[in-house]
Enquirer: 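Below you will find the structure I want to go over with you.
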Amino acid sequence: MKKQIPTIRGTKDILPREIRKWQRVESMAKKVFELYGYREIRTPVFEATELFEKGTGETSDIVIKEMYTFKDKAGRSLTLRPEYTPSVVRSIIKNRLYLKPDPLRFYFIGPMFRYDKPQKGRYRQFHQIDIEVFREGDPAIDAEIVEMADYFLKKLRVYDTKTLVNSVGCKECRPAYIKDLRKKAEEIKKDLCADCLRKIKTNPLRIFDCKVKSCRETAQAFPNITDYLCQECEEHFSKFCDYLGLYGIKYKVEPRLVRGIDYYTKTTFEIISSKLGAQDAILGGGRYDDMMKEFGGPDICGTGFAMGMERLISVVPFEKEKGGFLYLAYLGEKAKRAGMELVQLIRREGMECLIEFKKKTLKSQMSRANKLGATWVLIIGDEEVKKGKYQLKNMQTGIQEEKDREEILDIIQKS
RNA sequence: GUGGGCGUAGCUCAACUGGUUAGAGCACUGGACUGUGGAUCCAGAGGUUGGGGGUUCGAGACCCCUCGCUCACCCCA
């Protein structure tokens, strides 16, 4: 074999056998989300780098080291989107969607790019299904999107999941928490790495997920955000939990949930699967009340979640659905011409039909039809062409009968 | 980004402590069977052992580099 051109690290092909699963998941997503009033939106794969620096957050791992950033020929700094939320926010502002009567509920399916170290359930190009709702500040909507995710997973027969929830406060209550974190961190400064010493000033929350294990252990003693929530956040969180109960969703409060993205306010949540191993989050999301305003748009709150397609698909059970199809076997040039015409007709009737243009014995054509799982084989040779009647064989029963064109089309329509 | 494991035919895997021409099963192609699938038997094709360098009389195996996969940590979807 000649030197092969490899795929790029962290990317992969999705082959025809697998694509059925993707199509099923995607169509189910569309069906379910539209039931809840969501509509599809598509935004560009690349955006101005600034969008993610401001949106995703300058202190997030994603922005610091995981973005595919490059300059175009005009020298602009562009980035392949590492997540979707900032793009929708940008799109809403640009298109003034908040002035239209339509609900601000969107879903989106597409590839994302992060320069991470690849492993199972983590790729450099991966796919997400996102949903976002805007201008709904009531905790009921937070509960509703969790309920929608839960329903969607159940429709796909994914049952072994856990729902984790938390509140990360807002710009009212978080400063006091950050301040206390800084104080705590200063006290034990000598136990922290150089990187964390910097984080004390920039974003002490990031100490929780330092690469150095001893820092993380030290941080165990730090206070939890849940003890610092202002009255509004406290109330929002308890109502959120209450509504989850109303929907019959079981959940667990996880005080350290979702620290890696800067923009979350109040509600955060995650749905995990025990089948996934280390990368166990099927979906994650939460509320982000300040992003729109910070991008120069109106003061409109937002909430939503993102689902990892690769992870989801790996836990969705699939039965091999196979629709019937007909394989046309022919012998000789005349039969081939008759076969080509018949195949055209059969396809017009809506049945999948395969004729392969290789010099093959009848035996090998039959064998191939069998291997491909054909429901019917239509056999044409000189005899059949002369008579205008063809051999139609049912591969399941093995029964073969002589049929003319009309009879064949009739049978196909019925099956 | 840190640490462990692994790369041999399309797939799953063999090949002893370094020793002839790198094997098997499945899959593929053909035949036994002149126009009839699944079973059986026979044959064929398929490899620069991921790539590069080194040690050696001799490397699939040992050493170094590199690429990729994988698992854990961490992060996230």
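The figures here come from the full heavy-atom set of this structure, side chains too, leaving out hydrogens, waters and symmetry mates. Naming convention: chains lettered A, B, ... in sequence-line order (proteins, then strands); numbering from 1 in each chain.
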Enquirer: Which nucleotide in the list B:rG37, B:rU36, B:rC73 gets nearest to the side chain of A:L362?
Expert: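 Nearest to the side chain of A:L362 among the choices is B:rU36.
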Enquirer: Under 6.0 Å between ring centres: does that hold for A:Y115 and A:Y68?
Expert: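 Close enough - the centres of the two rings lie under 6.0 Å apart.
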Enquirer: Identify which nucleotide among B:rG30, B:rC75, B:rU70 has an atom closest to any side-chain atom of A:K117, counting heavy atoms from C-beta outward.
Expert: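 Between B:rG30, B:rC75, B:rU70, the one nearest the side chain of A:K117 would be B:rU70.
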Enquirer: Nearest whole angstrom, please: distance from the C1' of B:rC71 to the CG of A:D280.
Expert: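 From A:D280 CG to B:rC71 C1': 15 Å.
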Enquirer: For A:E401 and B:rU36, what is the distance between atoms CD and P respectively, to the nearest whole Å?
Expert: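 Answer to the nearest Å: 19 Å.
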Enquirer: Do A:K403 and A:K389 pass the side-chain contact (heavy atoms from CB on, under 4.5 Å) test, and can you show the C-alpha distance, the side-chain angles, and the key distance before you say yes or no?
Expert: CA-CA 5 Å; A:K403 301 282 178 193; A:K389 292 195 169 192; over 6 Å; no
Enquirer: Given B:rU36, B:rC75, B:rG30, identify the nucleotide with an atom nearest to the side chain of A:K363.
Expert: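 The nucleotide sitting nearest to the side chain is B:rU36.
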Enquirer: Quick one: list whatever passes salt bridge (Lys or Arg N to Asp or Glu O under 4.0 Å) with A:E383, sequence neighbours left out.
Expert: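 Partners of A:E383 by the salt bridge (Lys or Arg N to Asp or Glu O under 4.0 Å) criterion come out as none, since no residue qualifies.
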Enquirer: The side chain of A:R9 is closest to which nucleotide in this list: B:rA77, B:rG68, B:rG38?
Expert: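 So the side chain of A:R9 is nearest to B:rG68.
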Enquirer: Reckon A:R368 has a side-chain N or O less than 4.0 Å from the OP1 or OP2 of B:rC28?
Expert: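 For A:R368, the contact criterion (side-chain N or O under 4.0 Å from OP1 or OP2 of B:rC28) is not met.
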Enquirer: Taking the side chain of A:T361 as heavy atoms from C-beta outward, which of B:rU2, B:rA77, B:rG31 is closest to it?
Expert: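 Of all the options, the side chain of A:T361 is nearest to B:rG31.
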Enquirer: How many whole angstroms separate atom CD of A:E83 from atom C1' of B:rC75?
Expert: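 That distance rounds to 14 Å.
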Enquirer: What about A:Q391, does its side chain sit under 3.5 Å from the base of B:rU36 through a donor-acceptor pair?
Expert: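 Counting by modelled atom types and ignoring angles, no donor-acceptor contact under 3.5 Å is found here.
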Enquirer: Are A:E136 and A:T303 linked by a side-chain donor-acceptor pair shorter than 3.5 Å?
Expert: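 Their side chains do not contain a donor-acceptor pair, so the 3.5 Å distance test is not met.
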Enquirer: Regarding A:Q279, tell me which of base, sugar-phosphate or nothing describes its non-hydrogen contacts under 4.0 Å with the strands shown.
Expert: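 Here A:Q279 touches the bases of the nucleic acid.
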Enquirer: Go through B:rA77, B:rG30, B:rC74 for me and flag the one nearest to the A:A306 side chain.
Expert: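 Between B:rA77, B:rG30, B:rC74, the one nearest the side chain of A:A306 would be B:rA77.
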Enquirer: In this structure, which stretches of RNA chain B are paired as stems of three or more consecutive Watson-Crick or G-U pairs, both distances less than 3.5 Å?
Expert: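 Consecutive-pair runs (3 or more) involving RNA chain B: B:1-7 with B:67-73, B:10-13 with B:23-26, B:28-32 with B:40-44, B:50-54 with B:62-66.
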Enquirer: Going by an N to O cut-off under 4.0 Å, is there a salt bridge joining A:R287 and A:D289?
Expert: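 Yes, charged N to carboxylate O under 4.0 Å.
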Enquirer: Taking 4.0 Å as the cut-off, does a side-chain nitrogen or oxygen of A:K371 come that near to OP1 or OP2 on B:rC28?
Expert: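 For B:rC28, OP1/OP2 do have a side-chain N/O of A:K371 under 4.0 Å.
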Enquirer: Nearest whole angstrom, please: distance from the C1' of B:rU36 to the OH of A:Y327.
Expert: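 Checked: the OH to C1' distance equals 13 Å.
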Enquirer: Would you mind telling me which of B:rC71, B:rG37, B:rU36 lies closest to the side-chain atoms of A:N370?
Expert: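 It is B:rG37.
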Enquirer: Give the nucleotide from the list B:rU29, B:rG37, B:rG35 with an atom nearest to the side chain of A:K360.
Expert: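 The answer is B:rU29, which lies nearest to the side chain.
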Enquirer: By the 4.0 Å heavy-atom rule, please label A:Q396 as base, sugar-phosphate, or nothing.
Expert: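 Since no nucleic acid heavy atom lies under 4.0 Å of A:Q396, the category is nothing.
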Enquirer: For the pair made of CG in A:L331 and C1' in B:rU34, what is the distance, rounded to whole Å?
Expert: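 After rounding, the gap between these two atoms is 11 Å.
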Enquirer: Calculate the interatomic distance between A:L378 atom CG and B:rG37 atom C1'; express it in whole Å.
Expert: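 Answer to the nearest Å: 15 Å.
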Enquirer: What's the closest nucleotide to the side chain of A:S367 if the choices are B:rG37, B:rC75, B:rA72?
Expert: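 Within the option list, the nearest is B:rG37.
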Enquirer: Hey, is A:E50 close enough to A:R76 for a salt bridge, meaning N to O under 4.0 Å?
Expert: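 Salt bridge flag = no for A:R76 with A:E50.
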Enquirer: Tell me yes or no: between the side chains of A:E132 and A:Y38, is some donor less than 3.5 Å from an acceptor?
Expert: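 No pair is found: no donor N or O on one side chain lies under 3.5 Å from an acceptor on the other.
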Enquirer: Tell me if the centroids of the rings in A:F269 and A:Y251 come within less than 6.0 Å of each other.
Expert: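 Aromatic pair excluded; centres sit 6.0 Å or further apart.
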Enquirer: Rounded to the Å, how far apart are A:Q119 CD and B:rC75 C1'?
Expert: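 Checked: the CD to C1' distance equals 9 Å.
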Enquirer: When the C1' atoms of B:rC64 and B:rA59 are considered, how many whole Å apart are they?
Expert: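 Per the computed distance, 15 Å lies between those C1' atoms.
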Enquirer: What is the separation between atom CD on A:E270 and atom P on B:rA77, rounded to the nearest whole Å?
Expert: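 Rounded to the whole Å, the gap is 8 Å.
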